[in-house]
Amino acid sequence: MPYGATAALQESLRQQVVAGLGPETLLLLEHQPVITLGRSADAAHVLAAPEELQGRGITVHHTARGGDVTYHGPGQLVGYPIIRLRGGIVGHMRAMADGLADVLAGHGIAVRWDRDAPGLWVDEAGAPPAKIAAFGVHVRQRVTIHGFALNVTSDLNAFRLIVPCGLPDARVTSMKQLLGDGAPAVDALAEDVAQSFARRFGIDFARADRDDLTAPGTFVAQSAS
């Protein structure tokens with residue numbers, strides 16, 4: 001999905017949740033190539049010139065989420081929980097991280113959460129830690145939007161166009177990088193992530209095929225309420 005359309009969709013869904021007119025929703029999708037800048041982003045962390053980005057078909061968007069600069073594109077599973085906070089923001093971030101960690105553990109990938117550099121990191125012998133998932137959220141009236149980006153089969157070269165999350169020495173990895181041909185397809189992970197998030201957040205998510213909400217192929221899970 002294009003980033004701008006998804007940002008507008010999240011705001012629309014949040015307004016429905018706040019007003020009590022719509023269910024809590026989890027969107028799981030891939031984005032067309034895009035660089036996003038969070039509320040605390042340094043524009044200098046976009047390293048490529050506008051002409052190069054345009055030539056590569058990469059758009060640039062400023063967003064309401066926290067954090068610095070990141071890249072989204074094909075091969076990356078992006079998740080947007082539009083849900084009510086069960087506790088604080090830190091707890092919300094940790095629940096997302098733990099939900100993804102459960103899924104990754106099922107594929108033999110051990111990760112750790114870093115609160116100071118929000119993300120899931122893989123520790124490899126003889127190499128600096130590498131980030132496999134990034135996080136950033138926005139909260140209004142205790143309902144969240146934005147969420148996480150998990151590198152599944154992402155083109156890691158695209159991250160050379162930015163300073164990922166504002167960390168100049170950070171490495172980036174993916175499930176494909178770690179598992180080779182054993183890495184799953186992005187869409188194959190959607191069901192597992194929805195089920196894992198349902199457990200971590202205590203929400204009775206069920207799949208909702210809503211053509212009126214999203215482009216075909218996007219996984220939409222909604223609460224029973």
So which atom in [X] and which in [Y] form the shortest heavy-atom distance, rounded to 0.1 Å?
{"X": "Gly38", "Y": "Thr63", "result": "CA-OG1, 3.8 Å"}
{"X": "Ala194", "Y": "Phe205", "result": "O-CD1, 4.1 Å"}
{"X": "Thr153", "Y": "Pro184", "result": "CG2-O, 3.8 Å"}
{"X": "Ala190", "Y": "Leu28", "result": "O-CD1, 3.4 Å"}
{"X": "Gly79", "Y": "Pro81", "result": "O-CD, 3.6 Å"}
{"X": "Gly119", "Y": "Phe135", "result": "CA-CD1, 3.6 Å"}

Suppose we screen for side-chain hydrogen bond (donor to acceptor under 3.5 Å, both in side chains). Which residues come up paired with [X], at least two apart in sequence or across chains?
{"X": "Glu124", "result": "Arg171"}
{"X": "Thr36", "result": "Arg65"}
{"X": "Asp102", "result": "Arg200"}
{"X": "Arg142", "result": "none"}

**OP:** Report yes or no: does Glu30 contribute a side-chain atom to a donor-acceptor pair with the main-chain N or O of Gly75 at less than 3.5 Å?
**Re:** yes
**OP:** Say whether, by atom type as modelled, one donor and one acceptor occur between the side chain of Arg86 and the main chain of Arg84 under 3.5 angstrom.
**Re:** yes
Subject >> Intermediate values then yes/no, side chain to side chain contact (heavy atoms under 4.5 Å, CB included), Thr70 and Ile35 >> reply: CA-CA 6 Å; Thr70 195; Ile35 290 172; over 6 Å; no
**OP:** Would you mind listing every ring pair (Phe, Tyr, Trp, His ring centres under 6.0 Å) that reaches into residues 31-67, with sequence neighbours excluded?
**Re:** Tyr3-His31, Tyr3-His61, His31-His72, His31-Tyr80
Original post:
Which residue pairs satisfy the ring pair (Phe, Tyr, Trp, His ring centres under 6.0 Å) criterion with at least one member in residues 157-187, sequence neighbours excluded?
Top reply: Tyr71-Phe159
Original post:
With the threshold set at 4.0 Å, does a side-chain nitrogen-carboxylate oxygen contact exist between Glu11 and Arg140?
Top reply: yes
**OP:** Indicate yes or no: does Asp181 engage Lys176 in a salt bridge with an N to O separation below 4.0 Å.
**Re:** yes
Hey, does [Y] have a side-chain heavy atom less than 4.5 Å from the side chain of [X]?
{"X": "Ile83", "Y": "Val17", "value": "no"}
{"X": "Asn151", "Y": "Met175", "value": "no"}
{"X": "Arg14", "Y": "Gln10", "value": "no"}
{"X": "Asp68", "Y": "Ile162", "value": "no"}
{"X": "Asp42", "Y": "Val69", "value": "no"}
{"X": "Val34", "Y": "Val60", "value": "no"}
{"X": "Leu179", "Y": "His107", "value": "yes"}
{"X": "Met1", "Y": "Gln32", "value": "no"}

Subject >> Trace of the side chain to side chain contact (heavy atoms under 4.5 Å, CB included) decision for Thr173 with Leu178 >> reply: CA-CA 8 Å; Thr173 192; Leu178 298 170; 3.8 Å; yes
Report yes or no: do [X] and [Y] belong to one cluster of Ile/Leu/Val/Met/Phe/Trp/Tyr joined by side chain heavy-atom distances under 4.5 Å?
{"X": "Leu37", "Y": "Val163", "value": "no"}
{"X": "Phe197", "Y": "Ile109", "value": "yes"}
{"X": "Val172", "Y": "Ile58", "value": "yes"}

Can you tell me how far [atom2] of [Y] sits from [atom1] of [X], rounded to the nearest 0.5 angstrom?
{"X": "Ser12", "Y": "Ile82", "atom1": "OG", "atom2": "CD1", "answer": "9.5 Å"}
{"X": "Leu29", "Y": "Leu77", "atom1": "CG", "atom2": "CG", "answer": "7.5 Å"}
{"X": "Leu27", "Y": "His146", "atom1": "CG", "atom2": "NE2", "answer": "11.5 Å"}
{"X": "Leu100", "Y": "Ser196", "atom1": "CG", "atom2": "OG", "answer": "7.0 Å"}

Listed by chain and number, what are the side-chain contact (heavy atoms from CB on, under 4.5 Å) partners of [X], not counting sequence neighbours?
{"X": "Ala101", "answer": "Val111"}
{"X": "Asp155", "answer": "Asn157"}
{"X": "Ala5", "answer": "Pro2"}
{"X": "Ala48", "answer": "Glu52, Leu53, Leu161"}

Original post:
Can you list the residues that meet the salt bridge (Lys or Arg N to Asp or Glu O under 4.0 Å) rule with Arg39, with sequence neighbours excluded?
Top reply: none
Subject >> Intermediate values then yes/no, side chain to side chain contact (heavy atoms under 4.5 Å, CB included), Phe148 and Val78 >> reply: CA-CA 6 Å; Phe148 72 85; Val78 178; over 6 Å; no
Original post:
How far apart are the C-alpha atoms of Leu156 and Gln177, what are their side-chain angles, what is the distance that settles it, and do they pass the side chain to side chain contact (heavy atoms under 4.5 Å, CB included) test?
Top reply: CA-CA 9 Å; Leu156 299 182; Gln177 181 86 358; 3.8 Å; yes
For residues 87-98, tabulate all N or O donor-acceptor pairs below 3.5 Å that involve a side-chain atom, not counting sequence neighbours.
unit_1: Arg94; atom_1: NE; unit_2: Asp98; atom_2: OD1; d: 3.0

Original post:
Going through the distances and angles, do Ser154 and Gln76 end up as a side-chain hydrogen bond (donor to acceptor under 3.5 Å, both in side chains)?
Top reply: CA-CA 5 Å; Ser154 309; Gln76 186 185 70; 4.6 Å; no
